[in-house]
Protein chains: 2
Amino acid sequence: MAQMAQTTPTPGPGADTGANTGTGATTGGGATTGTRDRIVVAAARLLQRQGYVGTGIKQIAKDAQATLGSVYHFFPGGKEAVAVAAIAYSGEEFAVLLREALSSVEDPGAAIEACTAELATGLRESGWIDGCPVTAAALETLGTESEIQRACAAALGGWERLVEEKLLGAGFDAADARELATTVISALEGAEVTAQVNRTEEPLRMVGRQMARLIGTYGNEGARDAGTAAAGR
Amino acid sequence: MAQMAQTTPTPGPGADTGANTGTGATTGGGATTGTRDRIVVAAARLLQRQGYVGTGIKQIAKDAQATLGSVYHFFPGGKEAVAVAAIAYSGEEFAVLLREALSSVEDPGAAIEACTAELATGLRESGWIDGCPVTAAALETLGTESEIQRACAAALGGWERLVEEKLLGAGFDAADARELATTVISALEGAEVTAQVNRTEEPLRMVGRQMARLIGTYGNEGARDAGTAAAGR
DNA sequence: GCAGCGCTAGAACGAACGCTCTATCTAGAG
DNA sequence: CTCTAGATAGAGCGTTCGTTCTAGCGCTGC
């Protein structure tokens, strides 16, 4: 999320069938990515902004500079199949961001706080519309037996695992790491929504500070330095 | 819990909806009827489950046992006006639940934890579909200039204020109370989504525990006034 | 040249959407 | 009794939805 450019290095971690001949691209000038990739990226972006129901197949095709025929050629499963691929893509995209933020700072709490700062900046720069790529799609399809929820759960679980591993690496107890990871990811999700609705970075920054403080309270085993700046007052 | 709507999971032929003529508390003599209330309640329930775009006006009318003409009679503003009223209703509905949970326990952290437990139970009993009533609608309409986001922001802000006041009453510093309130509400929102997607109560229970712990870290320096005894939990 | 194939292209379908419209019913005032 | 405004009822408008369908394009192998 937060990344505007569709020139991102196309993570495409799974099920990336090379396949793209790239011969077409009648109008697409310059370095053309494969049609399939363009569809996935466009769908991810639209899903993030308008949700699953609010995004039409034709709009996806148009934004991807593809035609309806191409969409159904690459995704015989229709709209749902496109959405699943898009969510998986978005999930990995944010995982990259999260991984970088977590590895750039040694202290887990400070790393989380840095992550919220980055999210806040990206959110503001997007005009408060590019939120969590999976939340909206997940909420809309809960009542159905859609495959989409599974994709959302996988993305969420992957993010939690990244945080959990970071905590484990810092010497946290296994149970604590798991509970904290779930808490951190949930809080980040909620803070993103709150920030979007109120059009302000504050919720994300507040939650970042509080999560750092929370993580800091566990500094019993590992030789952790004093809690970050949150010990104010 | 203020259960104003039936918990019939399936839109059965029902008709058991209480004949609520004049349910409106503020009957200053207006020509209000039960139909309007039924529309609002049905819309709130559908919005909660399917989001704004995924819910049709005709479905609202059908579930409310009203007709399209009645819906447009009471809400000349159309679908958006119905949604705004429904979100305000849902917001107050959860505010009641939150107020009760907060006032039933003296310690703020324990009260929040009790609230998450109640949310978890309700979510499980609904089959993981009755989540936060404003999140889905909010996310779908962020890109537009809809009035809906304002209603969602108002609901969220009201909930935060309830938590904030509870903390202030427990002797918290004003800045701490505000930041904690935002964090708690955001975390609750995110935890609800995570719980729904994974179909388990664990995220809510974990977040409840961690929020209680986080709130508890603010009590050690003193600053608690006489009214509250030592930290309960 | 010419089949074969991956991919592009868009017309067309039935269903559902939000909304407008007219018509009917009900209840109270004169 | 009539009159009238509020409320109910649903047919139907134009649009858009997801999907299917049939051509046609550019390229490869022969």
Side-chain angles (χ1 to χ4, degrees), chain A residues 17-29 32-40 42-43 46-47 50-86 137 140-141 144 146-148, chain B residues 15 17 19-24 27-40 42-43 46-47 50-86 137 140-141 144 146-148:
Chain A
T17 64
N20 51 4
T21 56
T23 56
T26 57
T27 59
T32 66
T33 32
T35 303
R36 206 196 110 107
D37 291 338
R38 288 203 316 275
I39 292 170
V40 171
L46 290 170
L47 245 56
Q50 322 177 59
Y52 178 69
V53 188
T55 300
I57 282 267
K58 290 172 185 173
Q59 190 183 7
I60 293 173
K62 189 179 167 191
D63 279 30
Q65 299 197 75
T67 61
L68 220 46
S70 300
V71 176
Y72 278 94
H73 171 74
F74 288 110
F75 299 95
K79 185 182 181 181
E80 185 173 321
V82 176
V84 168
E140 286 176 316
T141 57
T144 74
S146 167
E147 189 80 20
I148 294 176
Chain B
T17 317
N20 45 16
T21 5
T23 306
T27 61
T32 68
T33 67
T35 303
R36 206 195 109 108
D37 292 338
R38 290 204 313 276
I39 291 169
V40 171
L46 289 170
L47 245 55
Q50 316 173 349
Y52 178 69
V53 189
T55 301
I57 282 269
K58 291 174 183 172
Q59 189 183 9
I60 293 173
K62 188 180 169 192
D63 279 30
Q65 300 199 74
T67 61
L68 216 47
S70 300
V71 176
Y72 279 95
H73 172 74
F74 288 111
F75 299 94
K79 185 182 182 182
E80 184 173 321
V82 177
V84 168
E140 286 176 315
T141 56
T144 73
S146 168
E147 190 80 18
I148 295 176

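Below, read A as the first sequence line, B as the second, and so on, with proteins coming before strands; counting in each chain starts at 1.
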Take the protein atom [atom1] of [X] and the nucleotide atom [atom2] of [N], then report the distance between them rounded to whole Å.
X: Lys79(B); N: dC17(C); atom1: NZ; atom2: P; result: 9 Å
X: Gln65(B); N: dA7(D); atom1: CD; atom2: C1'; result: 16 Å
X: Ile39(A); N: dA9(C); atom1: CD1; atom2: P; result: 11 Å
X: Gln59(A); N: dT15(D); atom1: CD; atom2: P; result: 18 Å
X: Phe75(A); N: dG18(D); atom1: CZ; atom2: P; result: 15 Å
X: Tyr72(A); N: dC17(D); atom1: OH; atom2: P; result: 12 Å
X: Ile60(A); N: dC17(D); atom1: CD1; atom2: C1'; result: 12 Å
X: Gln50(A); N: dT16(D); atom1: CD; atom2: P; result: 14 Å

Looking at every heavy atom in both [X] and [Y], which two are closest together, and how far apart are they?
X: Gly54(A); Y: Glu140(A); answer: N-OE2, 4.3 Å
X: Tyr52(B); Y: Ile148(B); answer: CE1-CD1, 3.4 Å
X: Gln50(A); Y: Thr55(A); answer: CB-OG1, 3.6 Å

Quiz item: Ile60(B) pairs by side-chain contact (heavy atoms from CB on, under 4.5 Å) with which of Leu68(B), Val40(B), Leu46(B)?
Solution: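 Option passing the side-chain contact (heavy atoms from CB on, under 4.5 Å) with Ile60(B): Leu46(B).
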
Counting side-chain heavy atoms from C-beta on, which of dT19(D), dC19(C), dG6(D) comes nearest to His73(B)?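 Within the option list, the nearest is dG6(D).
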
Minimum-distance nucleotide (side-chain atoms of Phe74(B) versus dT19(D), dT8(D), dT8(C)):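 Nearest listed nucleotide: dT8(D).
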
### Task
Would you indicate, yes or no, if dC7(C) has its OP1 or OP2 atom less than 4.0 angstrom from a side-chain nitrogen or oxygen of Thr35(A)?
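The answer is no; no side-chain N or O of Thr35(A) sits under 4.0 Å from OP1 or OP2.
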
Respond yes when some side-chain nitrogen or oxygen of Ser70(A) is under 4.0 Å from OP1 or OP2 of dT8(C), and no when none is.
->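 For Ser70(A), the contact criterion (side-chain N or O under 4.0 Å from OP1 or OP2 of dT8(C)) is met.
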
Exercise. Check every strand shown and say whether Leu68(B) touches a base, only sugar-phosphate, or nothing at a heavy-atom separation below 4.0 Å.
Key: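 Since a base atom lies under 4.0 Å of Leu68(B), the category is base.
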
Pick the nucleotide of DNA chain D nearest each of Lys58(A) and Gly69(A); which residue has the one closer to the 5' end?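 Its nucleotide being nearer the 5' end, the pick is Lys58(A).
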
- Item | Polar side-chain atom of Glu80(B) near backbone of Glu147(B) as donor-acceptor pair, under 3.5 Å |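 Answer holds: yes.
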
